[in-house]
Colleague: 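Next up is a structure, given as structure tokens.
Residue numbers count from 1 along this sequence.
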Amino acid sequence: MTAFTVGLVLMMSSCAATPSDEQPATDVYTQAREQFTAMADELHTVIMAIEPTDWRVDQGQYGARPSGCQLGVSSDTGYSFTAVRALELPHRDAAEIAAAASEGFTELGVDAETVERGSGDAREVTVVGESDAARTVVVIRPLDGRVLVSSETACTAGSSSDILTTMFGEELYPDDVWRRLPATEGPSSVPQFYFPPDGPVYYDEDGTPVQPQPLVTDAPIPPR
């Protein structure tokens, strides 16, 4: 089963009702993993359609670490995921890159809109696609060929702290948990949503990505 197919299955399952306060943390974690994987598969499809190579995880946003958010206009809080990937393609035309991104969205069954803004050195070409899994935005800067792709899920009811505890295998996770998050994403990458203390590290202590990046063939799942 391809990563894309898995993503579709998980995306469909993520449409289930959001968890109530009575549901155990493992159920919240399972739903969060499904939401992340659906978003990650969509993002992966788009960036590989643009250029099937290793992309940088930009701004430290691998995407698996949940952030707190507010549910609508209520005072209730939930969680969401944001993933960002970057690559420089200085020798490719911006319109060509935008067309490739649109093809990726088409493969996902997502209608995408392409918009151009600014002129000269400030010109940007943006491709936006929104699905049940996430809102994905491709920003292309013709000046230097930089391509930035970001995906964000909707805010969902649940405890981000409970999810983080399960993800990192520690009740009080240290400040350097970011070292356990992948620094790149390439053609053979699979979504990861569990980063135990004894797992591989992807960054040196000074923030330099480990080369080569540790290879993961299957997305690890925490013990029950």
Colleague: I need the minimum non-hydrogen distance between Ser80 and Cys69, along with the two atoms involved.
Modeller: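 Smallest interatomic distance, heavy atoms only, reads N-SG, 3.8 Å.
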
Colleague: Can you tell me how far CG of Leu43 sits from CG of Leu108, rounded to the nearest 0.5 angstrom?
Modeller: 10.0 Å

Colleague: Following the transitive rule for hydrophobic clusters with a side-chain heavy-atom cut-off under 4.5 Å over Ile, Leu, Val, Met, Phe, Trp and Tyr, establish whether Phe36 and Val84 coincide in one cluster.
Modeller: no

Colleague: Do Tyr29 and Pro222 make a side-chain contact, defined as non-hydrogen atoms from C-beta onward lying under 4.5 Å apart?
Modeller: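 Yes; the side chains approach each other to less than 4.5 Å.
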
Colleague: Does some side-chain heavy atom of Glu152 sit less than 4.5 Å from a side-chain heavy atom of Thr82?
Modeller: yes

Colleague: So if you build clusters from Ile, Leu, Val, Met, Phe, Trp, Tyr with side-chain heavy-atom gaps below 4.5 Å, do Met167 and Val177 land together?
Modeller: yes

Colleague: To the nearest 0.5 Å, tell me how far Phe168 CZ sits from Tyr194 OH.
Modeller: 11.0 Å

Colleague: Do Thr184 and Pro209 have side chains that get closer than 4.5 Å, going by heavy atoms?
Modeller: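 Not in contact.
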
Colleague: To the nearest 0.5 Å, what is the distance between CG (Leu148) and CD1 (Ile47)?
Modeller: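 Answer rounded to 0.5 Å: 11.0 Å.
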
Colleague: Would you say the side-chain atoms of Asp206 pair up with the backbone N or O of Thr208, donor to acceptor, closer than 3.5 Å?
Modeller: yes

Colleague: Does one side chain, of Gln31 or Thr156, offer a donor that lies under 3.5 Å from an acceptor on the other?
Modeller: no

Colleague: Decide yes or no on side-chain hydrogen bond (donor to acceptor under 3.5 Å, both in side chains) for Glu42 and Ser131, but give the supporting numbers first.
Modeller: CA-CA 9 Å; Glu42 181 171 298; Ser131 70; 2.5 Å; yes

Colleague: Quick one: closest heavy-atom pair of Phe195 and Ala64, and the distance?
Modeller: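 Of all heavy-atom pairs spanning Phe195 and Ala64, the closest is CE1-CB, 3.9 Å.
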
Colleague: First locate atom OG1 of Thr45, then atom CD of Glu107, and finally report the distance between them rounded to the nearest 0.5 Å.
Modeller: 5.5 Å

Colleague: Stepwise, does the side chain to side chain contact (heavy atoms under 4.5 Å, CB included) test hold for Leu87 with Thr53?
Modeller: CA-CA 9 Å; Leu87 186 68; Thr53 188; 3.7 Å; yes

Colleague: List the steps and the verdict of side chain to side chain contact (heavy atoms under 4.5 Å, CB included) for Ile221 and Arg33.
Modeller: CA-CA 9 Å; Ile221 299 175; Arg33 185 182 66 211; 3.4 Å; yes

Colleague: If every non-hydrogen atom of Ser151 is compared with every non-hydrogen atom of Ala134, which pair is closest and at what distance?
Modeller: CB-CB, 4.3 Å

Colleague: Consider only side-chain heavy atoms of I, L, V, M, F, W and Y, link residues closer than 4.5 Å, and tell whether Leu89 and Met48 are in one cluster.
Modeller: yes

Colleague: Between Arg179 (side chain) and Tyr203 (backbone), is there a donor-acceptor pair under 3.5 Å?
Modeller: yes

Colleague: Could you give all pairs that pass the salt bridge (charged side-chain N to carboxylate O under 4.0 Å, His left out) test and reach residues 163-178, with sequence neighbours left out?
Modeller: Glu170-Arg180

Colleague: Check the hydrophobic clustering (I, L, V, M, F, W, Y; side-chain heavy atoms under 4.5 Å; chains of links allowed) and say if Met39 and Val216 are grouped together.
Modeller: yes

Colleague: So, for Asp54 and Pro187, which heavy atoms are closest and what is the spacing to 0.1 Å?
Modeller: OD1-CD, 4.1 Å

Colleague: What residue among Thr37, Thr166, Ile163 forms side chain to side chain contact (heavy atoms under 4.5 Å, CB included) with Phe193?
Modeller: Ile163

Colleague: Determine, using ring centers only, whether Phe81 and Tyr79 are less than 6.0 Å apart.
Modeller: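 Yes - the distance between ring centres of Tyr79 and Phe81 falls below the 6.0 Å cut-off.
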
Colleague: Identify the heavy atoms of Val57 and Pro182 that sit nearest to each other, and give their distance.
Modeller: CG2-O, 3.3 Å

Colleague: Say you draw a straight line from CZ of Arg65 to CG of Leu181; how long is it, rounded to the nearest 0.5 Å?
Modeller: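 The CZ atom of Arg65 sits 5.5 Å away from the CG atom of Leu181.
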
Colleague: If we only count heavy atoms from C-beta on, is the Leu71 to Thr77 side-chain gap below 4.5 Å?
Modeller: no

Colleague: Step through the shown structure and confirm whether more than 12 heavy atoms of other residues, nucleotides or ligands are within 6.0 Å of CD on Gln211.
Modeller: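 Counting neighbours around CD of Gln211, more than 12 heavy atoms of other residues, nucleotides or ligands fall under 6.0 Å, so yes.
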
Colleague: Is there a side-chain contact between Glu124 and Ile140 in this structure, where contact means two heavy atoms from C-beta onward sitting under 4.5 Å apart?
Modeller: no

Colleague: Taking the basic N atoms (NZ, or NE/NH1/NH2) and the acidic carboxylate oxygens, is any pair closer than 4.0 Å for Arg141 and Asp121?
Modeller: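 So Arg141 does not pair with Asp121 through a salt bridge.
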
Colleague: Are side-chain heavy atoms of Thr136 and Val149 found at a separation under 4.5 Å?
Modeller: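 Yes, close enough: below the 4.5 Å cut-off.
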
Colleague: I'd like to know if the side chain of Gln213 reaches the main chain of Val210, judged simply by a donor and an acceptor atom lying under 3.5 Å from each other, with no hydrogens or angles considered.
Modeller: yes

Colleague: Below 4.5 Å, heavy atoms only, C-beta onward: do Thr114 and Ser102 meet side chain to side chain?
Modeller: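 Yes, their side chains come closer than 4.5 Å.
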
Colleague: For Glu96, I'd like to know if atom CD has over 12 heavy atoms of other residues, nucleotides or ligands within 6.0 Å.
Modeller: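 Atom CD in Glu96 is packed in, count exceeds 12.
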
Colleague: Tell me if a side-chain donor or acceptor on Ser189 pairs with a main-chain N or O of Gly186 at a distance below 3.5 Å.
Modeller: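 Between the backbone of Gly186 and the side chain of Ser189 there is a qualifying donor-acceptor contact (under 3.5 Å).
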
Colleague: Could you go through the side chain to side chain contact (heavy atoms under 4.5 Å, CB included) check for Val147 and Glu88 one step at a time?
Modeller: CA-CA 6 Å; Val147 184; Glu88 279 70 45; over 6 Å; no

Colleague: Would you call Arg85 and Glu185 a salt bridge, taking side-chain N to carboxylate O under 4.0 Å as the test?
Modeller: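 The answer is yes: the pair qualifies as a salt bridge.
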
Colleague: Under the side chain to side chain contact (heavy atoms under 4.5 Å, CB included) criterion, do Val138 and Ile50 qualify, and how do the steps go?
Modeller: CA-CA 10 Å; Val138 180; Ile50 296 172; 4.0 Å; yes

Colleague: Can a side-chain donor-acceptor contact be found between Gln192 and Tyr202 if the only test is distance below 3.5 angstrom?
Modeller: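 Yes, side-chain donor-acceptor contact under 3.5 Å.
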
Colleague: Is there side-chain contact between Leu164 and Pro66, with at least one heavy-atom pair below 4.5 Å?
Modeller: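 Leu164 vs Pro66: side chains touch.
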
Colleague: Kindly compute the distance separating OG (Ser150) from CD (Gln61), expressed to the nearest 0.5 Å.
Modeller: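 One gets 9.5 Å once the value is rounded to the nearest 0.5 Å.
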
Colleague: Specify the closest pair of heavy atoms between Trp178 and Gly207, including all atoms of both residues, with the distance to one decimal.
Modeller: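 Smallest interatomic distance, heavy atoms only, reads CH2-CA, 3.7 Å.
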
